Amino acid sequence: MLLNIKNLHVAINGKEILKGFNLQVNKGEIHAIMGPNGTGKSTLAAAITGREGYEITEGEIIYKGQVINDWTPDKRANEGVFLSFQYPVEIPGVSMTNFMRTALNAKRQYQGLPQMKAGEFLKLMEQKKKLVEITAKLTNRSVNEGFSGGEKKKNEIFQMAMLEPTLAILDETDSGLDIDALKVVAKGVNELKSDENAFVVITHYQRLLDYIVPDFVHVMYGGRIVKSGGKGLALELEEQGYEWVKEQFGEE
Amino acid sequence: MEDKLSQNKVLEEVTGSDYKYGFVSDIENDAAPVGLNEDTIRLISAKKEEPEWLLEFRLKAYRHWLKLEEPDWALIHHPPINYQDIIYYSAPKKKKELASLDEVDPELLDTFNKLGIPLEEQKVLAGVAVDAVIDSVSVKTTFKDTLSKHGIIFSSFSDAVKDHPNLVKKYLASVVPYTDNYFAALNSAVFSDGSFVYIPKGVRCPIELSTYFRINAANTGQFERTLIVADDDAYVSYLEGCTAPMRDENQLHAAIVEIVVMNNAEVKYSTVQNWYPGDKEGRGGIYNFVTKRAACKGVNSKVSWTQVETGSAITWKYPSCVLMGDNSVGEFYSVAVTNNHQQADTGTKMIHLGKNTKSTIISKGISAGKSNNSYRGLVRVSKKADGARNYSQCDSLLLGDKCGAHTFPYIQTANDSAIVEHEATTSKISDEQLFYCQQRGIETEKAIGLIVNGYAKEVLNKLPMEFAVEAQKLLAITLEGSVG
Ligand SMILES: Nc1ncnc2c1ncn2[C@@H]1O[C@H](COP(=O)(O)OP(=O)(O)OP(=O)(O)O)[C@@H](O)[C@H]1O
Ligand SMILES: [Mg+2]
């Protein structure tokens, strides 16, 4: 099993947001997580990636067989955990190229590999840029600076393609994308998908799941998963909304 | 609150790094007795075999200095400096004319190697001419021959006094008179060495000129003086670097840099200041009180000051431009980083006298630890300066919540046609940015280095290539032990 989250409780500033969350992800699988706003989806992503301020008060995150509760965010990243951010941040003055090179070499250093040669790196950039159909215009600019909403999301997928993670979490990567961009993102995921990695896709729309076909769909509510099923569950949700969930499990 | 607290903890860790230039070299010194009086000045002058007029200049400056009081308007605090506790002249011994590197004291060469100074011929071939000033005396000026082919004079100040007395006499104190301020008066009385540059009419200096300053001996002050003259249509890019050993006591550095720029001439002056900043508790470190000023005398003349200030316990320095010639241009690009207990009060003065004069000020202050970082800048447009323009942008970046950033812009315009724009921002390094980097596998310290370098990029881009790389590393090192 690649990821095993057991009875996870996470608090922000003392307020409990995740309340006994469980999830098991095997290599080769795609899991979709859906659920109403404010239910803790991004909190889950932050907890898995080790963001500061997201305090695990109970439970375990087991990744590749190891409890990673205390790992630093960069260690998790270098072990192959990747997050496509819901709101990618701008870093003025730091070019995408420089940023990506620093990230890639950090990972190589972690793995005991020598730094990637400049030429080799640029070739890799070109190759991955084509994959997500982003232009040199974007990679020459500072990280996310002045990028449109859609460009930021594509840029996340570009970074994912560069870093080739083992576990990728996509937090609403489809929000704000036009249909062409959506296809590009899906293409990125599908080309990267293999028997050796897994995806956790957080989304509000069944539309994305037409392109990235999930093995499992989970409904999250009140800080935990209240229902799991196959792809059909997403269609159900789209038709019925979350009213039935609220009725069954009470207001949050 | 929880995450804020731990963020500050990491900040403290990252900014708690060590100073890597803190070694002391075992070089024999020839020093004046401690303390300052007219005899000290006569001794310095005699040691340097100076002409009578220079001794007179020093004595006048000294007598004027006695009447002055240390300025107290800057946002800096320090125990009183005992000027009788300082050695005003210290030179590495064995000082005779050195024809090649083989004759240089091996300890000295070792010092240079530790400093990463490109004294060796191969590095010189890379296009850098170096004058190195240890304690008070200029030790070696490389590349002199090549330069002299173009008629360029690049020598130690002492040599210039001997070899080009008329030039020195003409321009010395023509931009910064000894009456200018307390530290300028002190420097004028006791200055020991420094660099002299003269670029003749129509000559573009083919290589970067550079000087490395180093304080080595204990209890000594360093009072160097740099004078650069760019004649009509001349161009030169000049680099200045400095380091000092780690010592528990504070050491005084009071330098003067004067630049004269004639018609259509341009001077770029870049500094990477990395004097010893003191330890984490604020013990020791250099008091850096420096007067730097350029006179843009000619029409279309131009001066750019670029400074990366990472060192010193206290920095008090305002590289300025007096824009006398019509259409003359003054620029000031600054990155000042303070960490631990460092204090910096730095900025510029742009004095617009000529018509259509233009000035640009870009200042990036970065504060961490318990440090204080102030930008202080004056833009003055005189009555006759029709069409003068200034653009100032002063940004402060805070790492942690125990440090301070302050901006003191002074704007005085006596001409209605002047356009003066001032923008200022204060920001914190955000945990979103840090986490974003970490999530991509970049550890905290590297992430801070990356973000800070991005923040300072506009200024770093102004530095010559090899200096920029050095400066980038310095920024990261200075902030090691400071964010999270
Ligand atoms: N820093 C914070 N301080 C206090 N509360 C927070 C903080 N961050 C998130 N929360 C709260 O935690 C809850 C879960 O937020 P989260 O962002 O995980 O929701 P989400 O499921 O991703 O929602 P959406 O679908 O809108 O993206 C919300 O009630 C939110 O207000
Ligand atoms: Mg969310």
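We use all heavy atoms of the structure for the numbers below, so side chains are in, but hydrogens, waters and symmetry mates are not. None of these values were measured; they are calculated from a predicted model. Just so we're on the same page: letters track the sequence lines, and every chain starts at 1.
The CD atom of A:Glu52 sits 8.0 Å away from atom OG1 of B:Thr444, with the distance rounded to the nearest 0.5 Å. One finds the CD atom of A:Gln109 at 11.5 Å from the CD1 atom of B:Ile442 (value rounded to the nearest 0.5 Å).
By the 6.0 Å contact criterion, CZ on B:Arg389 is open, its count of non-hydrogen atoms from other residues, nucleotides or ligands being 12 or less. Annotation: A:Lys129, atom NZ; neighbour count of heavy atoms from other residues, nucleotides and ligands within 6.0 Å is above 12. By the 6.0 Å contact criterion, NZ on A:Lys152 is enclosed, its count of non-hydrogen atoms from other residues, nucleotides or ligands being greater than 12. The number of heavy atoms from other shown groups lying within 6.0 Å of NZ (B:Lys358) does not exceed 12.
Closest heavy-atom contact between A:Thr102 and B:Leu450: OG1-CD1, 3.9 Å. The two atoms that bring B:Gln439 and A:Val81 nearest to each other are NE2-O, 3.0 Å, heavy atoms only. Closest approach of A:Ile91 to B:Gln433, counting heavy atoms only: CA-NE2, 4.1 Å. Taking both residues in full, the closest heavy atoms of A:Asp74 and B:Glu443 are given as OD2-CB, 3.3 Å, listed atom of the first, atom of the second, then distance.
In terms of heavy-atom pairs under 4.5 Å with chain A, the best-connected choice from B:Lys457, B:Lys446, B:Arg440 is B:Arg440. Ranking A:Gly93, A:Ala46, A:Ser142 against chain B, the residue ahead of the rest is A:Gly93, based on heavy-atom pairs under 4.5 Å. The candidate from B:Ala456, B:Cys437, B:Gly441, B:Ala447 with the greatest count of non-hydrogen atom pairs under 4.5 Å with chain A is B:Gly441.
If you measure heavy-atom distances from A:Phe99 to chain B, the contacts under 4.5 Å come from both the backbone and the side chain. Only the side chain of A:Asn144 comes within contact range of chain B, with at least one heavy atom under 4.5 Å from a heavy atom of that chain. Neither the backbone nor the side chain of A:Pro165 comes within contact range of chain B, judged by heavy atoms closer than 4.5 Å. Using a 4.5 Å cut-off between heavy atoms, A:Glu79 does not touch chain B at all. With a threshold of 4.5 angstrom between heavy atoms, A:Arg51 approaches chain B through its backbone and through its side chain.
No donor-acceptor distance shorter than 3.5 angstrom exists from the side chain of B:Gln438 to the backbone of A:Thr72, with no hydrogens or angles considered.
Taking the six-membered ring for Trp, B:Phe435 and A:Phe85 have ring centres closer than 6.0 Å. Under the 6.0 Å cut-off for aromatic ring centres, B:Tyr436 and A:Tyr87 do not qualify, their centroids lying 6.0 Å or more apart.
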